[in-house]
Engineer: 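Please find one structure pasted underneath; my questions will follow.
Residue numbers begin at 1 in each chain, while the letters A, B, ... track the order of the sequences.
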There are 2 protein chains.
Amino acid sequence: MKFFQSPETTREEILAAAYRALCTHGYADLTMERIGAKFDKSVSLVYHHYDGKDDLLLECLEFMLEEYRAETESGPPEDPRQAIEEFCDQLLLSDAPPEAQQFVHALIELRGQAPHNDAYRDYFTRSDRVFQARIERIIETGIEAGVFQDVDPERTAKMIQTIFLGGLFQYATANHDEWLPAFRDELQAYLERDLYTDG
Amino acid sequence: MKFFQSPETTREEILAAAYRALCTHGYADLTMERIGAKFDKSVSLVYHHYDGKDDLLLECLEFMLEEYRAETESGPPEDPRQAIEEFCDQLLLSDAPPEAQQFVHALIELRGQAPHNDAYRDYFTRSDRVFQARIERIIETGIEAGVFQDVDPERTAKMIQTIFLGGLFQYATANHDEWLPAFRDELQAYLERDLYTDG
DNA sequence: TCCTTTTGATTGAACGTTTATTCAAAACGG
DNA sequence: CCGTTTTGAATAAACGTTCAATCAAAAGGA
């Protein structure tokens, strides 16, 4: 992940280690020892910087969300249509590096903890809001520019996010061959039918 | 769950106990001890009937899927429109008993194991196929009866399933107030716009 | 029918492993 | 020399699983 390319403090090194261990082993098989193996300090040092395992992972997620927000919240997109397709492609690219796919898997696993874990549920509630806001802004800009139909931005953004999340979830948790391209087509068809002004 | 109302063998009693423990504690906090607490035999008996914890849970899921299949695979639905809305309502009912909601949570948690657990991934791949087939048949019947547009049943069924799964996932893993009714509206709007022949 | 043998169900205690976390002490930097 | 960083070893609890022993009922034999 671009976010962790150049950690500048020990705290960030630990976050990067947590991220890498998460991608490698997944959440279920993630141990402090494995996190420690991903950087060159000892395991117990983690406890000097973070309150514990869950705290560390949450801060790791928070860090990435903050980076994403800073990147995207700057201004309205220039080309709304391109922006929304970029948003979708971001996690859906079939030629994405394996690390990205593993991260998607890990994200799904993490989110799978949310039903019984308030901290995780709070986090994903917040992250949903960030993405919702991002999509809404793109849609609003697109409507103003006349390239999108005059839909309700909030509702449409919600729908896109739901479709998107459902796609990721299904993709990460089942073995459907050739599912990714089929899903991209489906998503594309939805956008063209229900959002774009021309075919 | 109706499936476990009248367990007839010890094996089924154990499945019922696993189901109840799953609903009560969620997957992450599910222990053999807690499963044992949900029926009147001892914990170690489970190992006489099943290979272990994961085996037990998988067999529990399998049992429920088989019941569902037997229930729905009998014949084509009489009223396709009603059938598809019943399908959607089945898990989405806001006035559903709390147990059903907890089961949805548990299902999401379980499915969250799939990215790194082949047995779970195989199971959910299979269960997706069952639901896919169910929706496809409803759509085919609806097209023949002229109450549905002439869509591609496979693609449309996939889309509905994706939207549905995304909805459940979001619902179970985030705190969005009033989300359920909003989602039902959204789903309804999708069906009316892209599937039903009249408004 | 009565005794013996076998089978399957059931239990409670124990084992061994894994894992997050703590802590006292060493190393380090200014 | 003092505060911070870092370490390795120790701790303590939790948990899945095993196993030898018991028990009831069925099967078998005479």
Side-chain angles (χ1 to χ4, degrees), chain A residues 6-63 106 109-110 112-114 116-120 123, chain B residues 4 6-63 106 109-110 112-113 116-120 123:
Chain A
S6 54
E8 290 173 354
T9 71
T10 301
R11 275 184 68 92
E12 281 183 21
E13 268 179 45
I14 296 176
L15 291 184
Y19 170 80
R20 266 175 273 139
L22 199 53
C23 290
T24 305
H25 304 286
Y27 179 76
D29 297 326
L30 186 66
T31 69
M32 285 292 154
E33 204 185 345
R34 293 209 225 252
I35 294 175
K38 291 288 183 181
F39 75 129
D40 54 4
K41 309 281 174 67
S42 91
V43 185
S44 45
L45 179 62
V46 174
Y47 290 90
H48 191 260
H49 290 283
Y50 298 94
D51 284 344
K53 191 187 173 187
D54 280 327
D55 178 58
L56 170 61
L57 291 178
L58 260 333
E59 297 238 26
C60 186
L61 289 175
E62 206 73 55
F63 180 83
E109 289 180 64
L110 253 7
Q113 309 303 312
H116 61 85
N117 187 317
D118 287 347
Y120 282 109
Y123 168 79
Chain B
F4 297 118
S6 55
E8 290 174 355
T9 71
T10 301
R11 276 184 68 93
E12 281 183 23
E13 267 180 43
I14 296 175
L15 290 184
Y19 170 79
R20 267 176 273 139
L22 199 54
C23 289
T24 306
H25 305 286
Y27 179 75
D29 297 326
L30 186 66
T31 69
M32 283 293 156
E33 205 184 345
R34 293 208 226 250
I35 294 175
K38 292 288 182 182
F39 75 130
D40 53 4
K41 309 280 175 67
S42 90
V43 183
S44 45
L45 179 62
V46 174
Y47 290 90
H48 192 261
H49 290 283
Y50 297 95
D51 284 344
K53 191 186 173 187
D54 281 326
D55 177 58
L56 171 60
L57 292 178
L58 260 333
E59 296 236 27
C60 186
L61 290 175
E62 205 73 55
F63 180 83
E109 289 180 66
L110 253 8
Q113 310 302 313
H116 62 84
N117 186 317
D118 286 346
Y120 281 109
Y123 169 79

Engineer: Please lay out, stage by stage, how Lys41(B) and Ile14(B) fare under the test side-chain contact (heavy atoms from CB on, under 4.5 Å).
Structural biologist: CA-CA 9 Å; Lys41(B) 309 280 175 67; Ile14(B) 296 175; over 6 Å; no
Engineer: Using the rule given for side-chain contact (heavy atoms from CB on, under 4.5 Å), can you reason through Leu56(A) versus Leu15(A), listing the C-alpha separation, both sets of side-chain angles and the distance that settles it, and then say yes or no?
Structural biologist: CA-CA 7 Å; Leu56(A) 170 61; Leu15(A) 291 184; 3.8 Å; yes
Engineer: Check every strand shown and say whether Asp29(B) touches a base, only sugar-phosphate, or nothing at a heavy-atom separation below 4.0 Å.
Structural biologist: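 Nothing, no heavy atom under 4.0 Å.
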Engineer: For Lys38(A) and Leu22(A), indicate whether the former's side chain and the latter's backbone hold a donor-acceptor pair under 3.5 Å.
Structural biologist: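 Looks like no, no N/O pair under 3.5 Å.
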Engineer: Pick out the pairs of N or O atoms, protein on one side and nucleotides 17-22 of chain D on the other, that lie under 3.5 Å.
Structural biologist:
from, atom 1, to, atom 2, distance (Å)
dT17(D), OP2, Tyr47(B), OH, 2.9
dT17(D), OP2, Lys53(B), N, 3.1

Engineer: Within the structure shown, what part of the strands sits under 4.0 Å from Leu56(A) by heavy-atom distance: base, sugar-phosphate, or nothing?
Structural biologist: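 The residue Leu56(A) makes no contact with any strand.
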Engineer: Could you state the atom-to-atom distance from CG of Leu45(A) to C1' of dG8(D) in whole Å?
Structural biologist: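 To the nearest whole Å, that distance equals 13 Å.
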Engineer: Please list, in 5' to 3' order, the outermost nucleotides of DNA chain C lying under 4.0 Å from any heavy atom of chain B.
Structural biologist: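 First and last nucleotides in contact are dA9(C) to dG12(C).
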Engineer: Between Thr31(A) and His25(A), is there a side-chain heavy-atom distance shorter than 4.5 Å?
Structural biologist: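 His25(A) vs Thr31(A): side chains apart.
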Engineer: Taking Leu30(B)'s backbone N and O only, do any of them form a donor-acceptor pair with Lys53(B)'s side chain (distance below 3.5 Å, no angle check)?
Structural biologist: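 Such a contact is found between Lys53(B) side chain and Leu30(B) backbone.
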Engineer: Can you check whether Arg11(A)'s main-chain N or O pairs, donor with acceptor, with Tyr50(A)'s side chain at less than 3.5 Å?
Structural biologist: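 Flag set: sc Tyr50(A) to bb Arg11(A) pair under 3.5 Å.
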Engineer: Looking for any heavy atom pair under 4.0 Å, which part of the strands does Thr31(B) touch: base, sugar-phosphate only, or nothing?
Structural biologist: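 Counting heavy atoms under 4.0 Å across all strands, the contact made by Thr31(B) is with sugar-phosphate only.
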Engineer: Please state how far atom CG in Asp40(A) lies from atom C1' in dT5(D), giving the value in whole angstrom units.
Structural biologist: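 Spelled out: CG on Asp40(A) to C1' on dT5(D) is 13 Å.
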Engineer: Using a heavy-atom cut-off of 4.0 Å across all strands, would you classify Ile35(A) as base, sugar-phosphate, or nothing?
Structural biologist: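 The answer is nothing, as Ile35(A) stays clear of every strand by at least 4.0 Å.
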Engineer: Hey, are the side chains of Arg34(A) and Thr24(A) touching, using non-hydrogen atoms and a 4.5 Å cut-off?
Structural biologist: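 Contact flag for Arg34(A)/Thr24(A) side chains = no.
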Engineer: Under the criterion ring-ring contact (aromatic ring centres under 6.0 Å, His included), which of Phe4(B), Phe63(B), Tyr27(B), Phe39(B) is the partner of Tyr19(B)?
Structural biologist: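 The option that passes is Phe4(B).
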